[in-house]
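Contents: one structure, followed by commentary.
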Amino acid sequence: MSKLIEIKQLEIIIKKEQHTVVRKIDFSLDKGKSLIILGQSGCGKTMTCHSMMGLLDPKKFSISGGIFYNGTDLLTLSAKEKRKLYGGEIAFIPQNPMTALDPSMKIGKQMLETLSLHIDVSKNERKNAVLNALKKSGLGDAERVYHSFPFELSGGMLQRVLIAMVLMVNARLVIADEPTTALDVVHRNETIEAFRQLRESGTAVLMVTHDFAAAVQLGGDIMIMNEGEIIETGKASEILTAPNHSYTRSLIEASVLTANIREVSE
Amino acid sequence: MKRYIIKRAISFIPVLIGVSILCFLLIAFSGKDPAEVIARHGDMNATPELIEQVRVEMGLDGSLPERYLKWISGFFTGDFGLSITSYRLISEDIAEYFPITAGLVGMSLLWTLVLSIPFALLCARFKNSIFDHLTRGITIFGMCIPTFWLGFMLLIVLAVQMNWFTVLPEPGIKGYILPSLALSIPTICGIIRLFRSSLLSELSCDYVRYAKARGLSSTRILLCHVFRNALPPIVTVFCQYLGTLIVGSAVMEAVFSIEGIGSYLISAVLSADSTSAATCIVIIAVVFIAANFVGDMINRFLCPWIAGEHNDT
């Protein structure tokens with residue numbers, strides 16, 4: 001039986017510089033599971049995410065290999081076919097919630113826009129669906145959020161709005177690109193908890209991060225990337241306690257050191 | 001928003017007072033005695049007594065502050081005094097010429113709106129296509145063309161050779177078509193370049209990438225999201241062009257033999273009619289300030305985050 005998402009021999013090259021940013025990587029993810037891609041900045045994790053979401057400009061990037069979603073190669077789909085999947089079955093949570101939404105359009109309108117594209121709900125029920133998703137994501141004052149512009153909300157609230165969009169469209173796969181980077185500790189914990197709940201409800205979660213603490217909290221599988229290659233894969237608990245690769249060890253040490261410095265400075 | 005409007009309106013007062021003082025000083029130190037010009041207009045051999053009598057009648061015998069207050073009060077009473085160019089009341093001249101220029105500038109702005117926005121949208125949508133490159137070449141050329149040359153060319157080709165228009169101004173809207181087109185072409189070209197660049201800058205924003213990830217089509221993203229966010233710089237420049245177009249209309253009015261406020265201002269300057277010239281300059285300044293204020297309001301309506309950024313709603 002095929003996995004929900006399967007990446008086969010994915011290679012991404014920046015055409016202008018002929019620089020390979022992702023080198024023939026393979027991994028897969030099944031429903032109700034989570035996979036965390038860990039690595040330093042520039043190791044190719046965001047590029048992997050963006051290629052899975054069809055966000056890389058084919059004029060600038062050469063993408064080869066296969067990205068199979070339920071057995072269908074996403075790289076071969078037409079723009080129209082991709083639009084049906086992206087934002088619906090395959091949802092994306094970008095790195096910076098503060099800049100992810102149109103600053104001149106109210107949150108409710110942007111959510112309605114996404115909902116009407118992916119879910120068959122009558123016009124009268126749409127608003128209720130949006131409000132329910134906002135409430136589910138932990139935004140108690142959903143009506144106010146619905147009528148707010150993005151600049152009127154905090155980073156944590158906006159992150160919740162993005163999670164609400166995922167909940168609203170009943171996504172089967174969530175790809176989150178460093179969703180905790182722009183958040184403080186409290187909001188980071190809340191976001192990770194939201195991802196855990198998503199996973200428990202059967203959604204597959206692929207999270208890209210360089211935040212070890214977030215990876216430990218979410219658990220599941222971990223994949224370590226360096227210079228476009230996968231260097232280690234396994235259970236989060238195993239890799240973080242007994243890493244095999246020297247690069248993974250140095251990453252963990254650097255992360256522990258950073259955490260200690262933070263602790264001392266606090 | 002109310003607080004902001006009041007704040008802005010109050011900030012206009014010193015600007016207008018400054019402009020009016022500068023214009024009044026232009027009248028006072030122009031070196032031409034309006035009383036003498038008017039007295040000699042009736043009688044070339046006017047005696048100093050007659051000139052003095054005219055001066056008293058016109059209220060030009062007071063001190064500078066008194067004369068300034070009398071002149072500035074004209075903007076509230078409608079009495080700016082007598083024009084030494086036309087020997088009519090300046091208010092009558094302005095009432096006659098201003099609507100003509102307003103029509104010309106209004107039509108130029110309409111051309112600008114109708115032509116620049118679709119071209120800029122297409123250039124941004126099909127960036128680096130043949131259409132984009134061709135438009136870039138044409139717009140750079142269009143921005144370099146002097147408007148008076150363009151006006152003459154339009155007259156020669158469309159009026160003299162093709163006979164689609166008459167050389168002398170025609171009554172009604174038809175009379176405005178050629179001058180407004182000639183006046184607006186450099187503006188259209190400038191706005192196409194600016195709006196294209198503004199749209200492309202918006203297209204590289206994070207929210208566009210996320211909109212794609214939400215399943216929105218490129219056309220929908222461009223028209224429903226990017227368009228609105230790319231408008232503020234264009235609205236600002238567009239409103240600034242309004243003042244520029246009024247002043248620039250003087251050249252077009254001369255080329256097309258139209259009697260508008262621009263040509264009236266030029267003839268007032270040439271005949272050293274400083275009162276008429278200063279009155280026209282203050283009116284243009286008021287229009288310019290009002291246009292900028294309206295532009296600001298439109299931007300705040302289009303992009304409420306501008307108000308949020310300045311925290312002055």
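Remember, predicted model here, so these are calculated numbers, not experimental data. The chains referred to below are lettered A, B, ... by the order of the sequence lines, with proteins before strands, and numbering in each begins at 1.
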**Q.** Residue A:Gln110 versus chain B: region with a heavy atom under 4.5 Å
**A.** both
Q: Could you walk me through whether B:Lys212 and A:Met53 pass the side chain to side chain contact (heavy atoms under 4.5 Å, CB included) test, one step at a time?
A: CA-CA 9 Å; B:Lys212 276 182 198 161; A:Met53 287 305 300; over 6 Å; no
Q) Is there side-chain contact between A:Leu162 and B:Tyr210, with heavy atoms separated by less than 4.5 Å? A) yes
Q) Is there a side-chain contact between B:Trp305 and A:Pro150 (heavy atoms, below 4.5 Å)? A) no
Q) Got a sec: does the NZ of A:Lys127 have more than 12 other heavy atoms crowding it under 6.0 Å? A) yes
(Q) Which heavy atom of A:Phe149 sits nearest to which heavy atom of B:Pro304, and what is that distance? (A) CZ-CG, 3.3 Å
Q. Just wondering, do B:Ser217 and A:Arg83 contact through their side chains at under 4.5 Å, heavy atoms?
A. yes
Q: Tell me, yes or no, whether the heavy-atom count around B:Phe119 atom CZ, taken from other residues, nucleotides or ligands under 6.0 Å, exceeds 12.
A: no
Q: Name the region of A:Ala91, side chain, backbone, both or neither, that has any atom closer than 4.5 Å to a heavy atom of chain B.
A: neither
Q: Name the region of B:Arg209, side chain, backbone, both or neither, that has any atom closer than 4.5 Å to a heavy atom of chain A.
A: both
Q: Could you look at B:Leu216 and say if it's the side chain, the backbone, both or neither that has a heavy atom under 4.5 Å from chain A?
A: both
Q) What distance separates B:Ile306 CD1 from A:Ser104 OG, expressed to the nearest 0.5 Å? A) 7.5 Å
**Q.** Structural part of B:Cys303 lying under 4.5 Å from a heavy atom of chain A
**A.** both
(Q) Would you say that more than 12 heavy atoms from the other residues, nucleotides or ligands in this model lie under 6.0 Å from the NZ of A:Lys109, or not? (A) no
Q | Contact origin within A:Phe92 toward chain B - heavy atom pairs under 4.5 Å | A | both
Q) More than 12 foreign heavy atoms under 6.0 Å from NZ of A:Lys82: is that the case here? A) yes
Q. Counting heavy atoms not belonging to B:Phe131, are there more than 12 under 6.0 Å from its CZ?
A. yes
Q: Indicate whether any N or O donor in one side chain lies under 3.5 Å from an N or O acceptor in the other, for A:Thr114 and B:Arg214.
A: yes
Q) Do A:Asn96 and B:Asp206 have side-chain atoms, one donor and one acceptor, less than 3.5 Å apart? A) no
Q: State the OG1-OH distance between A:Thr99 and B:Tyr207, to the nearest 0.5 angstrom.
A: 11.0 Å
Q. So which part of A:Leu55 gets closer than 4.5 Å to some heavy atom of chain B, the side chain, the backbone, both or neither?
A. side chain
